[in-house]
Amino acid sequence: MRLNSEIEKKWQKLWREAGAFEPDPDEGRKKFLITVPYPYTNDSLHVGHGRTYTLADVVARFHRIIGENVLFPMAFHQSGTPILAFSKRVASGDSKLITLYREHLQEYEASRERIDEVLESFKEPSGIADYFSEVIINDFTRLGFSIDWRRRFNTAEPIYQNFVTWQFLKLKELGMIKQGDYPVLYSAEDENAVGEDDIKDGDTDKVSIEELTVVLFSGPDYDLAAASLRPETIYGTTNLWISGNGDYVVVNWGGRRTVVAREAYEKIKLQEPSVEIIGEINRASILEARFRVPFSGVEVQAYESPVVDPSFGTGAVFSVPGHSIMDYFAIREAGLPFKPVSIIDMPEGSDSVGSLTSSMDIHGLSESSKLQEATQIIYKAEYYAGRMNSLNGSYSGMTVREARDRIRKDLFESRLGHSVYETSRKAETRGGARVVVAMLKDQWFIDYSLEWLKKATHELVDRMSFFPEIYRKPMHDAIDWLRERPCARKRGLGTRLPFDQEWIIESLSDSTIYMALYTMIAPLRKIHEKIGDVPPEIFDHVVYGMPLSGYDEVDAELREARLSYSYWYGVDTRITAVPHLSNHLAFFLINHAAMFPPDRQPRAIGISGMAVSKGAKIGKSKGNVVSLIGTCNKYSADIYRLFMASSADFSSVIDWNEDDLAALMRKYDQFISILDAYRSEPGDRGSFAARWFNASFKSRIARFIEAMEEYRIRDAVVSIFFEVLNDLKNAESMGAPRNSLLGGIMEQWLTALSCVVPHAAEEYWHRLGNDTFISLNVLDRPGQEEEDRVALESEKYLRKLIEDIREIMSATGKSFSRAEVRVAGTEHTEIARALMNNNRDSVPAEKKRVVGDFMKVRKSVVFHGFNELEVITDGLGIIQNALGIEVTVSESEVDVSGRNPWPGRPLVNLS
RNA sequence: GCGGAGGUAGCCGAGCCAGGUCAAAGGCGACAGACUCAAGAUCUGUUUCCGCAGGGAUACGCCGGUUCGAAUCCGGCCCUCCGCACCA
């Protein structure tokens, strides 16, 4: 008996028509601004996407029912390259993508013709962005989210760009914008920087950028450039290696005639455009020449070797057989007479070229994987533990670490060194083009390393709340770790840098303070209609209250904007998934710390865990992508919400699998049939069961509120949904009629439940004859009263008694037909009290014989705040019902074979 | 490699920050019983082992330590997951 989609849609429509979730400033009420990252509009959403938004809606609804004026706004992200790239792919007829889109569009479009039409529109980037914005509005509405859609915008629209322009001008004023060189992974073929997603296996096998030192070995009338990760080993050089195939060219590199491989040159050119070919040179002449090792002046010669890749580094390397296992074997296999020279001292027992050769059983260059492993081991060992020995000239005695830095520095200063960047592994794009490292010149950065900025942000982090708390420290760490971040690119959608129009602000940099825009978007739109682009001084006025003149025609709008901003701004909570922590969230905080006064800075961050599907990360390669809207239609919005809220803790990974969903659905159906069958009846407060049920409900609500306030949503839902249902069952089994039990709690229960299953709550609230929205109802904070405590405690007491009797029955394995229960009277209560206080003497002489018995059961003795005899008498029916035997109770001190009743520990005699 | 999180009963998943009330919530699954012609749903009970009277033993990744007392605090080890920069 589930609620059907029509009923859910009915409420969604009524909420919208009534503007139920469209709040305006209300000075008398506490405001609550909750935001989530706006979705990126390049595709429809899957079940994983829905998690953060669902949890945010639950939180938003909770704050609403505790009486706050809640604003939950939403916008759409279009900045960056993906939408552009996807649109291009559609336009060029990429069948894979088109098939995917076709599949997703089926969820929304009825006819094939219509789908074709939509796909046609995707050839324009705005076609994709606009379409999916609408789709997402539809999805979120369908999920019952309490979003104020009046305030939506997208990042491609002029007002947004005006706002970002203002932001970047401010950042520049604050000295946070810098320009400089920056190495990136790059495809020369595509003439583009490539990200992890563009690289074949980039997600599983990371590619990073490594900096190599180019060492110039001076020759007859040119230098041979040899690249290395270990410049400190030059004193161990026995010879040089060049490739046996591949051309070599003479280039002008920083004013010196330098020889590199032609293939290497192509890449070096991308890193240092000033390098020019000035001539060719044949290998034979290189092999005949003599070269001098920097600093030591030793003369060495070059040889050909298969270990050299002409595209890697400079296409030449220097050979250090004492510390490179590759060189060691290369020399052996080339039949050269050089002996390894050890120039680094290592602690006793460390691995060395010699020891690894035998321990790893390496015989030659053909065993490349073993060689690589050994190289790694030596590299690390020598770096961390090695010390330069006396053969190292002025570097003797330094640690390897120090020596590397010093030698690099000295090489650069004596113009015998350069840097060249390489990928950490050979990589190609998904299209098959080689990935290399290129140097972006004049890249714009936001400088997140500024001292004052870090300090201000750390203070903010200390001031605000984190849910869960464990993320506070990682946030401090992330802020420390951030340095300059490139903030603009030459392609993609977005806002142009106001001070350099060639550049477009990158999508993580343009979305750090936009939450403020929600508070002022309506008046800004009106201003934009009247005067066109919104100039920075208007934002200065609205945000900082700076004086403004010359805008009389939009005076009313300005006042409205200022009022609304002043009332709302300051994000009360930002909810987002954990992968955003070290990037988006950190930028969000830093930019706020930089641009806003403390009272406008964020107050809390809630971090939700990832969602996986069938145990695996959600992705089309895994084939586990489940459509969000499809799930809504197949099950229901309430079920989806309930699942997301109750299957895993807010911050832990949730696993989407339909088996669990089916189980949850049964529970939900049960809940619905209870509501269906409910007929309003006055609440019963008289019976034992009802007293207990009401008391328990109060504690469930209290727990619910407490948990929700700390974003422990799962706990809250367990308390208000599962536990209340269990309580109901329990109270019914104690003989109370269901409807009278529910009568006493219905309003409060539905109000609390409206956070999670708003449609059901709303529907049944109205079926009970109410015409207000339960979603806007206010939940009472119940106080715990003495009688409630007693009710809860006495129920526990009864249950324990039943369990005890059951245990006796099962332990003995016999069957019994009656139980005599005796509770302690005043005399034994007094004795127990005395003995608990170790006051043995006050026990009357004729009672000394019971002391031994007392001591045995001492730890289970409890002085309850109720009369045990009354409670058991009251619950006699319940006990008999549960056990199926006759039960009598009396207050009696008579012992049974030496055992006695004590407070909290009635004596049971079965027969 | 660097940084972070975590390992709890057949499974999922709380508890751990503030040590005892923890054989350890809740859900699922399994088993038994009730209801039913039957199945499903629902309800009741059981679900570490032992116990002919409400008890005991062993348990919260592994090994140690602190403590009268540890799933909870400390140290070491093993294992799993997540993030790591121009990418939304």
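Just so it is clear: chains get the letters A, B, ... in the order the sequence lines come, proteins before strands, and each one is counted from 1. Values in this document were obtained by computation on a predicted structure and should not be read as measured data.
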### Task
From the options B/G27, B/A85, B/A88, select the nucleotide whose nearest atom is closest to the side chain of A/K667.
B/G27
### Message
What is the distance, to the nearest angstrom, from the CZ atom on A/R666 to the P atom on B/C43?
### Response
11 Å
### Task
Check whether any side-chain N or O of A/K454 sits under 3.5 Å from a backbone N or O of A/D480 as a donor-acceptor pair, and report yes or no.
yes
### Query
If we take the P atom in both B/G55 and B/A38, what is their distance in whole Å?
40 Å
### Message
Reading RNA chain B from 5' onward, which residue's closest nucleotide shows up sooner: A/P579 or A/R806?
### Response
A/R806
### Query
Between the side chains of A/E795 and A/N730, does any donor sit under 3.5 Å from an acceptor?
yes
#### Entry: Between B/G40 and B/C35 - P atom distance, rounded Å
16 Å
#### Entry: Shortest non-hydrogen separation from A/N726 to A/K667 and the atoms involved
OD1-NZ, 4.2 Å
### Base-pairing mate for B/C22 - Watson-Crick or G-U, with both contacts under 3.5 Å
none
#### Entry: Options B/C43, B/A88, B/G54, nucleotide nearest the side-chain atoms of A/L801
B/G54
### Complement of B/G29, any strand, by Watson-Crick or G-U distances under 3.5 angstrom
B/U47
### Task
Please determine if a side-chain N or O atom of A/N726 lies less than 4.0 Å away from the OP1 or OP2 oxygen of B/G27.
yes
### Message
What contact category does A/Q443 fall into here, base, sugar-phosphate, or nothing, at under 4.0 angstrom with non-hydrogen atoms?
### Response
nothing
### Query
Does a donor on one side chain and an acceptor on the other come within less than 3.5 Å for A/T495 and A/D510?
no
### Task
Using both distances under 3.5 Å as the test, list the Watson-Crick or G-U wobble partner of B/U36, or none.
none
### Message
For a quick check, with a 4.0 angstrom heavy-atom cut-off, what is the B/S/- contact string for nucleotides 1-16 of chain B, read 5' to 3'?
### Response
S--SS-------SS--
### Query
Between B/G15 and B/G26, how far is it from one C1' atom to the other, in whole Å?
12 Å
### Query
When you compare B/A18 with B/U72, how far apart are their C1' atoms, in angstrom units rounded to a whole number?
11 Å
### Task
Using a 4.0 Å heavy-atom cut-off across all strands, classify A/P39 as base, sugar-phosphate, or nothing.
nothing
### Query
Can you tell me if A/Y640 uses its side chain to pair, donor with acceptor, with the backbone of A/V47 under 3.5 Å?
yes
### Query
If the C1' atom of B/G20 is compared with that of B/C31, how far apart are they to the nearest Å?
34 Å
### Message
Any side-chain N or O of A/T81 below 4.0 angstrom from OP1/OP2 of B/A88?
### Response
yes
#### Entry: Separation between the P atoms of B/A71 and B/U21, rounded to whole Å
9 Å
### Query
Considering only side-chain heavy atoms of A/L508, which listed nucleotide, B/A88, B/G54, B/U42, is closest?
B/A88
### Query
Contact class for A/S79 (heavy atom, under 4.0 Å): base, sugar-phosphate, or nothing?
sugar-phosphate
#### Entry: Side-chain H-bond candidate by donor/acceptor type, A/S673 with A/Q670, under 3.5 Å
no
### Summary
Judged by nearest nucleotide, the residue sitting upstream toward the 5' end of RNA chain B, A/S582 or A/A488, is A/S582
### Task
Write down the partner of B/G1 under the Watson-Crick or G-U wobble criteria, each distance required to be under 3.5 Å.
B/C84
### side chain to side chain donor-acceptor pair (under 3.5 Å) between A/E484 and A/Y448, worked out
CA-CA 5 Å; A/E484 290 123 349; A/Y448 287 132; over 6 Å; no
### Task
With heavy atoms under 4.0 Å as the rule, sort A/L910 into base, sugar-phosphate or nothing.
base
### Message
Rounding to an integer number of angstrom, what distance separates B/G27 and B/U47 when you compare their C1' atoms?
### Response
15 Å
### Query
Taking CG from A/D804 and P from B/G54, how many angstroms apart are they, rounded to a whole number?
9 Å
### Task
Please state the C1' separation for the pair B/A70 and B/C74 - nearest whole angstrom.
11 Å
### Summary
Rounded to whole Å, the NE2-P distance (A/H584 to B/A85) equals 18 Å
### Query
To the nearest angstrom, how far is A/E807 atom CD from B/A23 atom P?
13 Å
### Query
The side chain of A/R905 lies closest to which of these nucleotides: B/G45, B/G55, B/A88?
B/G55
### Task
Return the value, rounded to whole Å, for the distance between atom NZ of A/K796 and atom P of B/A25.
13 Å
### Query
Should B/C77 form a Watson-Crick or G-U wobble pair with both distances under 3.5 Å, which nucleotide is its partner?
B/G61
### Query
Is there a side-chain polar atom (N or O) of A/Q670 under 4.0 Å from OP1 or OP2 of B/A41?
no
#### Entry: A/H584/A/R574 under side chain to side chain donor-acceptor pair (under 3.5 Å): CA gap, chis, key distance, verdict
CA-CA 11 Å; A/H584 167 71; A/R574 179 140 183 102; 3.1 Å; yes
### Task
Run the salt-bridge test on A/R472 and A/E469 with the 4.0 Å N-O cut-off and return the result as yes or no.
yes
### Message
Tell me whether A/R700 forms a cation-pi arrangement with A/F697, defined as NZ or CZ under 6.0 Å from the six-membered ring centre and within 45 degrees of its axis.
### Response
no
### Given B/A88, B/C28, B/A53, the nucleotide with the shortest approach to the side chain of A/E506
B/A88
### Query
Given atom CE of A/M665 and atom P of B/G40, what is their separation to the nearest angstrom?
17 Å
### Summary
Rounded to whole Å, the CD1-C1' distance (A/I446 to B/A85) equals 13 Å
### Task
Give a yes/no answer on whether the side chain of A/K800 brings an N or O atom under 4.0 Å of OP1 or OP2 in B/G54.
no
### Query
What is the pairing partner of B/A70, taking Watson-Crick or G-U wobble pairs with both distances under 3.5 Å in any strand?
none
### Task
Starting at atom CD1 of A/I590, determine the distance to atom P of B/A85, rounded to an integer number of angstrom.
16 Å
